[in-house]
Amino acid sequence: MKTMNIGLVGVGGMGSVHYANYKEIEGCQVAAVCGGSKRAKETAEKWGLPCYPSIREMVENCDIDIVDICTPTYLHHDMVMESLDCGKDTICEKPIALSLKDAKEMLDKAEQKDCMLYIAQVLQFTKEVEILRRTVESGVYGKPLDACFERLSACPRWAQDGWLFDVNKSGLLPYDLHIHDLDVIVSVFGKPQGYSMSSCQGEDKSYPEQIRIDYDYGKFHVAAEAAWFNADIPWTARWRVYFENGMLINDGSTLTAYQFGSEPKVFDTSDQVMVSTGINVPPCGWYYNELKHFLDCAREHRPSPNVGAGQLLTVMEILEDISAKWRK
């Protein structure tokens with residue numbers, strides 16, 4: 001198996017997570033770092049890697065098979081376009097971009113250059129979502145009747161340089177947190193027929209601190225809530241889906257199916273490989289599974305079945321509409 005050489009763009013929290021996981025994946029290595037900051041240069045030196053100020057210079061001077069972009073959201077479009085212009089398969093952290101137009105440009109460019117573009121919607125690589133999808137597709141508990149998703153956090157005051165609170169750089173709460181659940185909702189249940197939304201924020205805030213959305217699928221509804229609360233609450237990420245003949249509940253640590261007339265079924269959602277993240281996510285196998293999957297797909301020059309173009313564009317279309325309504 002050929003060793004895949006990775007050019008890592010961005011060495012902040014998520015870049016460091018990707019680096020740690022690549023060290024655990026057989027048949028790959030980070031060969032170079034791209035970044036112009038003092039931190040990037042110092043991190044590259046610590047890792048014993050060359051550091052380049054641009055993607056083009058990195059791929060021209062190093063044998064790079066795939067570029068992995070882990071920079072703040074507002075840099076994704078231009079950096080992905082640069083990588084694709086260099087003819088490189090590219091991994092990009094979520095969200096793909098901050099507008100539907102930019103997302104389409106990126107996907108079109110990948111097709112024009114015959115390159116693969118993989119977007120790191122990490123929940124698609126968790127056992128919980130795999131089991132949810134299988135449960136819905138099999139109809140083992142009948143049709144879904146109702147669902148609820150929650151993704152709640154204390155306000156991320158740890159964000160460097162305040163870019164996360166700039167709507168033009170991060171897209172704020174919808175693009176930072178809600179996108180995870182929306183991506184799952186769209187991939188499992190399809191595109192909703194419509195939605196209604198409410199939000200709240202303190203008078204001293206320039207951004208929504210909490211959004212609550214009801215997605216309409218006709219007789220089936222999905223509620224979703226995301227928040228950056230001005231309170232030091234525990235991180236909360238959980239969901240439940242009610243079916244005709246049972247309920248599936250992910251409480252954030254355990255996934256359980258409940259029915260009348262039988263004992264609750266607790267699913268094994270453990271990962272074979274667990275890697276420490278160094279961020280506000282406990283050690284897990286999510287990123288390992290995700291990055292290994294993308295590298296396997298790249299070796300065969302095929303798109304990822306887990307995160308398709310149609311799914312990405314539907315999510316971006318909804319997020320753009322949500323953002324426009326909030327700004328009104």
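Here the structure is a predicted model, which is why all the values come from computation and not from measurement.
Side chain of Glu209 to main chain of Gly202: a donor-acceptor pair is present (N/O by atom type, distance under 3.5 Å, no hydrogens or angles). Counting only distance, with no hydrogens or angles, the side chain of Asp214 and the backbone of Ser196 share no donor-acceptor pair below 3.5 Å. For Asn5 (side chain) and Ile64 (main-chain N/O), no donor-acceptor pair under 3.5 Å exists by modelled atom type. Lys127 contributes a side-chain N or O that, together with a main-chain N or O of Ser270, makes up a donor-acceptor pair within less than 3.5 Å. Remark: side-chain polar atoms of Thr90 are paired, donor with acceptor, to backbone N or O of Lys88 under 3.5 angstrom. Formation of a donor-acceptor pair under 3.5 Å by the Ser83 side chain with backbone atoms of Met79 is not found in this model. Of the possible donor and acceptor atoms, one in the side chain of Asn61 sits under 3.5 Å from a partner among the backbone N and O of Glu57. Although no hydrogens or angles enter the test, the distance criterion places no donor-acceptor pair under 3.5 Å between the side chain of Tyr52 and the main chain of Glu60. Remark: the backbone N or O of Thr254 is paired with a side-chain donor or acceptor of Asp251 at under 3.5 angstrom.
No more than 12 heavy atoms of other residues, nucleotides or ligands sit less than 6.0 Å from atom CZ of Arg238. Heavy-atom contacts from other residues, nucleotides or ligands closer than 6.0 Å to CZ of Arg299 number more than 12. Annotation: Glu244, atom CD; neighbour count of heavy atoms from other residues, nucleotides and ligands within 6.0 Å is above 12. In this structure, Trp286 places its CH2 atom where only 12 or fewer heavy-atom neighbours from other residues, nucleotides or ligands lie under 6.0 Å away. Within a 6.0 Å sphere centred on CD of Glu26, other residues, nucleotides and ligands contribute 12 heavy atoms or fewer. The neighbour count for Glu263 CD, taken as heavy atoms of other residues, nucleotides or ligands under 6.0 Å away, does not exceed 12.
In the hydrophobic cluster analysis, where Ile, Leu, Val, Met, Phe, Trp and Tyr join through side-chain heavy atoms closer than 4.5 angstrom, Val80 is grouped together with Trp163. Placement of Ile249 and Leu123 in two distinct hydrophobic clusters is found when ILVMFWY residues are connected by side-chain heavy-atom separations under 4.5 Å, directly or transitively. No path of Ile, Leu, Val, Met, Phe, Trp and Tyr side chains, each step under 4.5 Å between heavy atoms, connects Val122 with Leu152, placing them in separate hydrophobic clusters. Linking ILVMFWY residues whenever their side-chain heavy atoms come closer than 4.5 Å, directly or via other members, leaves Met247 and Val129 in distinct clusters. Tracing side-chain contacts under 4.5 Å through hydrophobic residues (I, L, V, M, F, W, Y), one never reaches Val136 starting from Tyr242; they form parts of separate clusters.
Note that CG of Asp63 is 10.5 Å distant from OG1 of Thr3, once rounded to the nearest 0.5 Å. To the nearest 0.5 Å, the span separating CD on Glu128 from OG1 on Thr269 amounts to 4.0 Å. Separating the CD atom in Glu93 from the CG atom in Asp68 is a distance of 7.5 Å, to the nearest 0.5 Å. If you take OG1 on Thr71 and CD1 on Ile69, they are separated by 6.0 Å, rounding to the nearest 0.5 Å. Expressed to the nearest 0.5 Å, how far CZ of Phe220 lies from CZ of Phe189 amounts to 4.0 Å. Here the OH atom belonging to Tyr258 is positioned 13.5 Å from the NZ atom belonging to Lys265, to the nearest 0.5 angstrom.
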Using the rule given for side-chain contact (heavy atoms from CB on, under 4.5 Å), can you reason through Val222 versus Tyr195, listing the C-alpha separation, both sets of side-chain angles and the distance that settles it, and then say yes or no?
CA-CA 9 Å; Val222 180; Tyr195 72 90; over 6 Å; no

List the steps, then state whether salt bridge (Lys or Arg N to Asp or Glu O under 4.0 Å) holds for Glu105 with Lys109.
CA-CA 6 Å; Glu105 284 183 0; Lys109 174 69 76 172; over 6 Å; no

Could you go through the side-chain contact (heavy atoms from CB on, under 4.5 Å) check for Thr236 and Phe229 one step at a time?
CA-CA 11 Å; Thr236 304; Phe229 285 127; over 6 Å; no

Between His301 and Asp114, is a side chain to side chain donor-acceptor pair (under 3.5 Å) present by the stated rule, with each step listed?
CA-CA 9 Å; His301 195 63; Asp114 192 28; 3.1 Å; yes

Please determine whether side-chain contact (heavy atoms from CB on, under 4.5 Å) holds for the pair Lys2 and Asp65, giving the CA-CA distance in whole Å, both sets of side-chain angles, and the decisive distance to 0.1 Å.
CA-CA 10 Å; Lys2 178 187 181 296; Asp65 295 296; 2.8 Å; yes

Please lay out, stage by stage, how Val186 and Ile318 fare under the test side-chain contact (heavy atoms from CB on, under 4.5 Å).
CA-CA 10 Å; Val186 167; Ile318 294 171; 4.3 Å; yes

Starting from the C-alpha separation in whole Å, work towards a yes-or-no answer on side chain to side chain donor-acceptor pair (under 3.5 Å) for Tyr74 and Asp166.
CA-CA 10 Å; Tyr74 65 97; Asp166 184 336; over 6 Å; no

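Test Ile66, Leu295, Leu291 against Cys28 for side chain to side chain contact (heavy atoms under 4.5 Å, CB included) and you get one pass: Leu295.
The two residues Ser54 and Glu82 have their closest heavy-atom pair at CB-OE2, 3.8 Å. Closest heavy-atom contact between Ser199 and Ile211: CB-CG2, 3.9 Å. Contact between Cys51 and Gly35 at its shortest, heavy atoms only, is SG-O, 3.3 Å. For the residue pair Met4 and Ala298, the shortest heavy atom distance occurs at CE-CB, 3.9 Å. Shown here for Ala147 and Val241, the closest heavy-atom pair between the two residues is CB-CG2, 3.9 Å. Closest approach of Cys34 to Ile55, counting heavy atoms only: SG-N, 3.6 Å.
Judged as a salt bridge (charged side-chain N to carboxylate O under 4.0 Å, His left out), and not counting sequence neighbours, Arg56 has no contacts. A search for side chain to side chain contact (heavy atoms under 4.5 Å, CB included) contacts involving Arg212 returns Ser198, Gln210, Glu225, not counting sequence neighbours. In this structure, His77 has no ring pair (Phe, Tyr, Trp, His ring centres under 6.0 Å) partners at least two apart in sequence or on a different chain.
The pair Glu45-Lys41 does not meet the salt-bridge criterion, since no charged nitrogen lies less than 4.0 angstrom from a carboxylate oxygen.
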Please list, one pair per line, the donor and acceptor atoms closer than 3.5 Å that link side chains of residues 171-184 to other protein atoms, with sequence neighbours excluded.
unit_1	atom_1	unit_2	atom_2	d
Tyr175	OH	Glu320	N	3.4
Asp176	OD2	Trp228	NE1	3.4
His178	NE2	Tyr215	OH	2.7
Asp181	OD1	Arg151	NE	3.3
Asp181	OD1	Arg151	NH2	3.1
Asp181	OD2	Arg151	NE	3.3
Asp183	OD1	Gln311	NE2	2.7
Asp183	OD2	Gln124	NE2	2.7
Asp183	OD2	Gln311	NE2	3.3

Could you pull out every donor-acceptor pair under 3.5 Å between side chains of residues 137-145 and any protein atom, sequence neighbours left out?
unit_1	atom_1	unit_2	atom_2	d
Ser138	OG	Arg134	O	3.0
Ser138	OG	Thr135	O	3.2
Ser138	OG	Val140	N	3.3

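Annotation: side chain of Tyr207 is not in contact with side chain of Val167 (no heavy-atom distance under 4.5 Å).
Screening residues 89-134 for ring-ring contact (aromatic ring centres under 6.0 Å, His included) gives Tyr118-Phe294, Phe125-His293, Phe125-Phe294 as the qualifying pairs, with residues at least two apart or on separate chains.
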